[in-house]
Amino acid sequence: METKPEKSLNFIHEIIEEDNRTGKYEKRVHTRFPPEPNGYLHIGHAKSICLNFGTAAKYNGKCNLRFDDTNPVKEDVEYVDSIKEDVRWLGFNWEGKELYASDYFETLYEYAEFLIKKGKAFVCDLSVEEIGKYRGTVTQPGKESPYRNRSADENLELFRKMRSGEFPDGEKVLRAKIDMTHPNMLMRDPILYRILHAEHHRTGSKWCIYPMYDFAHGQCDSIESITHSICTLEFEVHRPLYNWFIKELEIYAPQQIEFARLNLTYTVMSKRKLLELVQGGFVSGWDDPRMPTICGLRRRGYTPEAIRNFADIIGVAKRDNMIDVSLLEHCIREDLNKQASRKLAVINPLKLVIENYKESFIEEIDAVNNPENPEAGTRKISFSKVLYIEQEDFMENPPAKFFRLAPGNEVRLKYAYIIKFTGVIKDDTTGKIKEVRCTYDPDTRSGMPLSNRKVKGTIHWVAACNSIEAEVRLYEQLFTKEKSEEVEEGHDFKENLNPSSLQVKRCFIEPSAKQAKPGEKYQFERMGYFCVDPDSSKDKLIFNRTVTLKDSWAKITKA
RNA sequence: UGUCCUGUGGUGUAACUGGCAACACGUCUGAUUCUGGAUCAGAAGAGUUUAGGUUCGACCCCUAACAGGACAACCA
């Protein structure tokens, strides 16, 4: 039992173990999760959160939560609050208080002056457009700014005036003096500070110049003594620049390691596109259960355990990837199968009358709460003459291998009796089936000596006399294409939106569901896992379908 | 017409650091089942982008090609 097969290390943990072997950071492991508070966290962030906090935990290290809040015009406390909530919900804690890049604004400013004095930074008067032109292109070298050779003293004076608010937005910037012909565009005298007369969500109006992300991120990691700065691939090109700052500033050097971000089929992961869906009203909000956001998944009924397990299973590497949602779905099913109490609920009701059952008689029947966990016990459900069954569970002219109710077929009503079809009643004008009639075998109630007779199928049902009504929101993939962003030239990704990603229905549920509270998770037998929506109230129960059960019959019918 | 990164079954990740490819999801069988769920047993599916090279031996090292991605915001 103790000899679990050794799980191989991902490439980041390999690096860490090597560093621990060589004593590079005195065997210290200190990571951080550094979001910008300008949007909600999504499942891609969850991968990063699990990686950073998980790595720290694995090596008895620390992991900071730090907000990289260097752009006051895009950031807001609303986002910092939601991010903190989501990280906590996922099951992670950070020591003491969360940190902010804005905590280090003074230090960062001093770093800038240090560079100026060293002759490695200068104040530039070029406009945005001009700076763009001077930068050259990816294949052509850039040109040096005419302001590049100002004296250190002049630069210092100008920079201090920038800070004291003597210039309007955009008038001047502070730039590093590196190399305008560098093949890496980011090394072509990048901007360090810009003038922004804007209210910052934490520092208020104290500053009117703000460091660029590139001038803040690496130094913040350095200030916090981070050992391994884990980030996504797009920052790989920035690494030489961060290293340049660290070297010129002569400060502690963390090690940056990049990994490939998560992509999931049938959804989008970019903040911009997610925002577009919210603002365009294509979803009800950031926490719409169809969204891949943490709050959306939470509302959908996903558990932190399932998400953490998912993050673990998908692994970490450097190559671009596109993970099949079926893996995420597998993770939540696996978790919920063990946890969720079962209920009987009928979503597309069809009236079923048992002809030989006593009128207005009600029987209390035992139902198992969770077959995976005997300790969950049993509950009573009512059985009566008139029931509802699922429309899909009856067919007048069934195809081969249809094991449900049909002329000539016997089926079991889950936890109750075996019934036999006797007839249907149809609407005179439309010809639609209004009710199905059957007889039951009184000796076959579950648990009775003669109840073991084999029947082809078992279907779920609900008593018409006392079942309760509820709203169910049936969710499907948000997009119709695996690669949701794949569109022809000139078309928009929103054209791939799935028009039937949400179907709202009224359903009948056994009365024991009456007390269901928001956030609670159930399995409606044979239908899937459902979670009580926060919009739910005593008077109006609302359930979100987290995911269907695996359905091999559905596969057969589709084929 | 640049620099950097990446290329292993349908998908994702492995391969004890050079000894002819494993695990998970998915797919398909069969068993079992009062959820066509769960569970159990099994199968198919890659010879590691290509071409050279080093080596007794290469997924692993070297070279080149090809393919994909990133980079030209006073965004992060």
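In what follows, chains carry the letters A, B, and so on, assigned in the order in which the sequence lines appear, proteins first and then strands, with residues in each chain numbered from 1.
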Quiz item: Excluding sequence neighbours, so at least two apart, what forms ring-ring contact (aromatic ring centres under 6.0 Å, His included) with A:Phe33?
Solution: none

Exercise. Identify, with sequence neighbours excluded, every residue that meets ring-ring contact (aromatic ring centres under 6.0 Å, His included) alongside A:Phe310.
Key: none

Below the 4.0 Å mark, does [N] have OP1 or OP2 next to a side-chain nitrogen or oxygen of [X]?
X	N	answer
A:Arg135	B:C74	yes
A:Lys271	B:C75	no
A:Arg175	B:C74	no

Quiz item: Quick one: what's the B/S/- string for nucleotides 37-45 of chain B, heavy-atom cutoff under 4.0 Å, read 5' to 3'?
Solution: BS-------

Exercise. Check whether any side-chain N or O of A:Ser222 sits under 3.5 Å from a backbone N or O of A:Gly218 as a donor-acceptor pair, and report yes or no.
Key: no

Quiz item: Is A:Gly447 touching bases, backbone alone, or none of the nucleic acid, heavy atoms closer than 4.0 Å?
Solution: base

Exercise. Quick one: label A:Met527 by what it contacts on the DNA or RNA (base, sugar-phosphate, nothing), any heavy atom closer than 4.0 Å.
Key: nothing

Quiz item: B:C71 and B:U50: how far apart are their P atoms, nearest whole angstrom?
Solution: 29 Å

Extract from the structure each pairing of a protein N or O with an N or O of nucleotides 68-70 of chain B at less than 3.5 Å, listing the distance.
from, atom 1, to, atom 2, distance (Å)
B:G69, O4', A:Asp320, OD2, 3.3

Do any N or O atoms of the protein come closer than 3.5 Å to N or O atoms of nucleotides 20-22 of chain B, and which pairs are they?
none

Quiz item: How does RNA chain B look in dot-bracket form if you count Watson-Crick and G-U pairs under 3.5 Å, write [ ] for pairs that cross, and put | where a base pairs with another strand?
Solution: .((((((..((((.....[..)))).(((((.......))))).....(((((..]....))))))))))).....

Practice problem: Could you tell me whether the side chain of A:Arg404 has a donor or acceptor atom within less than 3.5 Å of a complementary atom in the base of B:G36? | Solution: yes

